[in-house]
Amino acid sequence: MSMQSPVSELLVHGDAIRDNTARFLALTQGRIMAVLKADAFGHGSIAHSVLDAGASSIGVTSIAEALRLRAEGITAPILSWLNPPDADFAAAVRERIDLAVPSLELLHAIARAARDVGAPAHVHLYVDVGTGRDGCPTQLWSALCALAREHERAGTLRVVGVMGHLSCADDPGNPQNTRERMCFENAVRSARRRELAPETLHLAATAATLTGVGAGLGTHRIGAGLFGIDPSHTTQLLRPALTLATSVVSAREVAAGTGVGYGHEFVAPERTHLALLPLGYGDGLPRAASGRAEVFARGRRRPLVGRFSMDMVVVDTGDDALEPGESVTVFGPGDAGEPTVAEWAAWSNTIEHEIVTRVGCRVARVHRSLDAERGPGSAGPGAPPRSRVILSPTPSPE
Ligand SMILES: *Cc1c(COP(=O)(O)O)cnc(C)c1O
C-alpha cells in the first residue's frame, strides 16, 4: 500500500483555540475546565494546547474518552460525566479520572470499583437543575449526598465537586436561568449541610459564561467557545478554529439542459463548468444543505449543485474551468471570503456544533496555525514559530 497525501483535510488552527482559551480565562478568573468530548468537538488532539494555554482540567463524557487522553500523556484532572452503571469505573479510579455521580445506583457502582482497586474514587455529585435529562433529580439529592458522605467516611470516595448544567443559558433573558442557578446554590448548601466539602463547583458552560448568567460560580466548563462557537450569539470575540479543504477530482464543461446527480435536482440552465469534489454526506456535509450550500474556489464563492451524494458533491464554476487537483475550501474562518461553519449550519437547519462534530474519518486532521499561514509578522514580533503540522493517523483503505 502506498502512502498518499490526503485529498481532503480538516485544518485545525491551534492558535485560534489558544486565543479563545485565553478569552475564557480572562472571563472566568482563570477557572476553566476544557470540555473535549466528541474528539474535542471534532478538532482532534488539542488537549495539550488548551492546558498549555491555561485550562486547569478537562471534561469529557465517557471513561473511554478520558482514558484516551491519559494515554496521550495528559496528567491534568479529567472528569467523565456520562456513564452507564456497568462502565469500567475501576479503570477510571486507577487512572485518577474524576467521575460525575447523578444517581445512587452509580454511587454504589463507583464505590464498589474503588474498593476493588483499593483507592478512593474522586467524584462530582451532579444535580439536575432543570434539564430534565441528566443529573440527579432534586428530590433524590439529599439522599445522594447522605450516601456519598457515608462512603467518604468509609474511605471509598471523596466528593471533590458539585456540578449542574443549565438548560436555557443561550437565552440570557430566560427566567429559567435564575431558577436553575438558585437550584444549584441550594444543592451546594444541602451538600455542605451533609458535611460534604466539594472544592470545585461548576454550573456554567460557554453560553452562560459569555452572557454572564454563570458569573461568580466557580469553575466554568467550556466546550463550544474554545472552538469559536458562541451558542448565545452575543459576542464576536471568538475565532473559528477549523478549515475544511479538498481538491477537485475532475472537471467538465456541460451544455444547457444537463441534469446533475441523483434525481436531476439541478439542471444546468445554460452552458457551464462543473467540478467534482470528493466529499459528501459520508464525510459530514449535511445532505439537507443540497441546493443551498456554497464553497470557495479560485477566489470566489461557488454554488454546490444537485443532491449531495455520500462521497461527492458537484460545484458549478460558471465560466471558469477548474483544474483537477485544484484546492477548494468548504468552510473556514471566513477571512478570505470562504463560507463559515455558521453559514453551513444555517444551510443545514442546524447548529455549528453539529457541523464541526460530524466531519468523517476519511478526512485527515492536520494541525496548522492560521497566524503562521498568514506569513511572518502576523503573530507579532518575537513570537515563536507557531506552525506545527501533525498528520493524525486516519484509517487507510484496506
Ligand atoms: C457539552 C457540555 C458542556 C460544554 O458546553 P458548551 O456549551 O459546549 O461549552 C458542559 N457541560 C456539560 C454537562 C456538557 O454536556
Side-chain angles (χ1 to χ4, degrees), residues 5-20 23 41-44 46 224-230 233 235-249 251 273-279 283-286 289 292-305 308 313-348 352 355-356 358-359 363-380 383 385-391:
S5 69
V7 180
S8 301
E9 292 181 334
L10 187 67
L11 307 177
V12 181
H13 310 305
D15 47 352
I17 297 173
R18 280 192 296 275
D19 285 356
N20 294 334
R23 291 240 177 257
F41 287 57
H43 293 63
I46 53 104
L226 299 179
F227 309 108
I229 298 172
D230 169 11
H233 303 288
T235 170
Q236 305 291 323
L237 297 175
L238 304 174
R239 297 177 63 186
L242 286 182
T243 298
L244 177 58
T246 190
S247 304
V248 172
V249 168
H273 291 86
L274 303 178
L276 183 67
L277 306 180
L279 280 174
D283 306 291
L285 302 188
R292 306 161 87 180
E294 297 170 343
V295 295
F296 194 73
R298 212 179 276 180
R300 279 187 45 198
R301 294 276 187 118
R302 321 269 181 174
L304 294 178
V305 293
F308 289 8
V313 291
V314 173
V315 51
D316 183 348
T317 58
D319 291 335
D320 295 327
L322 297 197
E323 298 293 332
E326 208 169 324
S327 167
V328 173
T329 306
V330 177
F331 57 69
D335 304 335
E338 75 277 17
T340 60
V341 167
E343 287 180 275
W344 270 91
W347 291 327
S348 317
E352 291 152 82
I355 302 296
V356 297
R358 64 185 292 164
V359 177
V363 179
R365 271 65 176 169
V366 179
H367 293 260
R368 189 182 296 164
S369 143
L370 263 184
D371 294 339
E373 215 160 88
R374 286 184 187 133
S378 64
R386 297 168 97 179
S387 184
R388 202 164 58 109
V389 179
I390 306 158
L391 268 182

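All figures in this text were calculated on a predicted structure; none of them were measured in a lab.
Shortest non-hydrogen contact noted between Phe296 and Ala336 is CZ-O, 3.1 Å. When all heavy atoms of Gly337 and Arg301 are compared, the pair lying nearest together is O-NE, 2.6 Å. Nearest approach of Leu238 to Asn20, heavy atoms of both residues: CA-OD1, 3.4 Å. Between Arg302 and Asp316, the closest heavy-atom pair is CB-O, 3.6 Å. Of all non-hydrogen atoms in Thr243 and Thr329, the two that sit nearest each other are CG2-CG2, 3.9 Å. Closest approach of Val7 and Pro278 over heavy atoms only: CG1-CG, 3.3 Å.
Considering only heavy atoms from C-beta on, Glu338 stays 4.5 Å or farther from Glu343 through its side chain. Between Ile355 and Leu242, the closest side-chain pair of non-hydrogen atoms is not below 4.5 Å. Residues Val341 and Pro240 are not in side-chain contact: their nearest non-hydrogen atoms beyond the backbone lie 4.5 Å or more apart. Between Val315 and Val328 there is no side-chain heavy-atom pair separated by less than 4.5 Å. Taking the side chain as every heavy atom from C-beta outward, Ile46 and His367 approach each other to under 4.5 Å. Inter-residue side-chain proximity for His43 and Ile17 is flagged as met; some heavy-atom pair is nearer than 4.5 Å. Side-chain contact check for Leu304 versus Leu277: some heavy-atom pair is nearer than 4.5 Å.
A donor-acceptor pair is defined here as one N or O able to donate and one able to accept, closer than 3.5 Å; no such pair exists between the side chain of Arg300 and the backbone of Thr317. Formation of a donor-acceptor pair under 3.5 Å by the Asp15 side chain with backbone atoms of Ser369 is not found in this model. Formation of a donor-acceptor pair under 3.5 Å by the His273 side chain with backbone atoms of Gly318 is found in this model. Counting only distance, with no hydrogens or angles, the side chain of Arg368 and the backbone of Leu11 share no donor-acceptor pair below 3.5 Å.
Every residue meeting the ring pair (Phe, Tyr, Trp, His ring centres under 6.0 Å) condition with Phe41, not counting sequence neighbours, appears here in chain and number order: Phe227.
One finds the CZ atom of Arg239 at 8.0 Å from the CG atom of Asp335 (value rounded to the nearest 0.5 Å). Distance check, rounded to the nearest 0.5 Å: CD of Glu9 to OG of Ser327 gives 8.5 Å. We find the CG-CG distance between Asp19 and Leu237 to be 11.5 Å, quoted to the nearest 0.5 Å.
Between Trp344 and Phe308, the ring planes are tilted. Angles from 30° to 60° get that label.
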With side-chain contact (heavy atoms from CB on, under 4.5 Å) as the criterion, how do Leu244 and Asp283 come out once you've worked through the C-alpha distance, each side chain's angles and the decisive distance to 0.1 Å? CA-CA 11 Å; Leu244 177 58; Asp283 306 291; over 6 Å; no
